[in-house]
Amino acid sequence: MAEFPALPLWTDAYLGDTTHLTTIEHGAYLLLLMTAWRSPTTSLPDDDKLLSRYARCTPGQWKRLRPVIASFFTVQNGLWRQSRLTDEAAAVRQIREKRAKAGVASALKRKGRHATPVEQSRDFVPTNDEQT
């Protein structure tokens, strides 16, 4: 399962950037975006055999599609990266961390552990063993 199962897709920006694509190019591009989203590094290996499989096309089709699709990616150090996708992953990761911290704080508050040490010591009622 992917680290983030839902891919935020800003349809207005996507359509604005891809109006020149054919239906097949849209399909290949979206499949590559989704595959990259599922990878831990939000990137794809610069391997035409794998990329054609990810895009669900034949090697011949991929050879024709690659120049168009590659224009949306930065191909560097053997990896394909899409900057918007990388930014979205960072934003989702930040939101998730913030929500996790809020969840811990909420749980502690419900359990009465949110008080400061001074407040906790005032509420302390010693048991019979501790009174002696």
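All heavy atoms count here, side chains included; hydrogens, waters and symmetry mates do not.
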Would you be so kind as to tabulate the donor-acceptor pairs closer than 3.5 Å made by side chains of residues 69-81, with sequence neighbours excluded?
unit_1: S71; atom_1: OG; unit_2: V68; atom_2: O; d: 2.6
unit_1: W80; atom_1: NE1; unit_2: D46; atom_2: OD1; d: 2.9
unit_1: R81; atom_1: NH1; unit_2: T41; atom_2: O; d: 3.0

Listed pairs under 3.5 Å, donor-acceptor, residues 28-35 side chains, sequence neighbours left out:
unit_1: Y29; atom_1: OH; unit_2: Q82; atom_2: NE2; d: 3.1
unit_1: T35; atom_1: OG1; unit_2: L31; atom_2: O; d: 2.8

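Here the CD atom belonging to E25 is positioned 11.5 Å from the CD atom belonging to Q61, to the nearest 0.5 angstrom. To the nearest 0.5 angstrom, T18 atom OG1 is 4.0 Å from H26 atom NE2.
No donor-acceptor pair under 3.5 Å is formed between the side chain of R56 and the backbone N or O of S52.
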With side-chain hydrogen bond (donor to acceptor under 3.5 Å, both in side chains) as the test, would you mind laying out the steps for W37 and E88 before giving the verdict? CA-CA 9 Å; W37 182 256; E88 288 299 326; over 6 Å; no
So R84 and W10, side chain to side chain contact (heavy atoms under 4.5 Å, CB included) or not? Walk me through it. CA-CA 10 Å; R84 178 67 185 254; W10 302 94; 2.7 Å; yes
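In terms of the side-chain contact (heavy atoms from CB on, under 4.5 Å) criterion, residue partners of I24 (sequence neighbours excluded) are, by chain and number, T22, L65.
Residues P59 and D48 fail the side-chain proximity criterion, which asks for heavy atoms closer than 4.5 Å.
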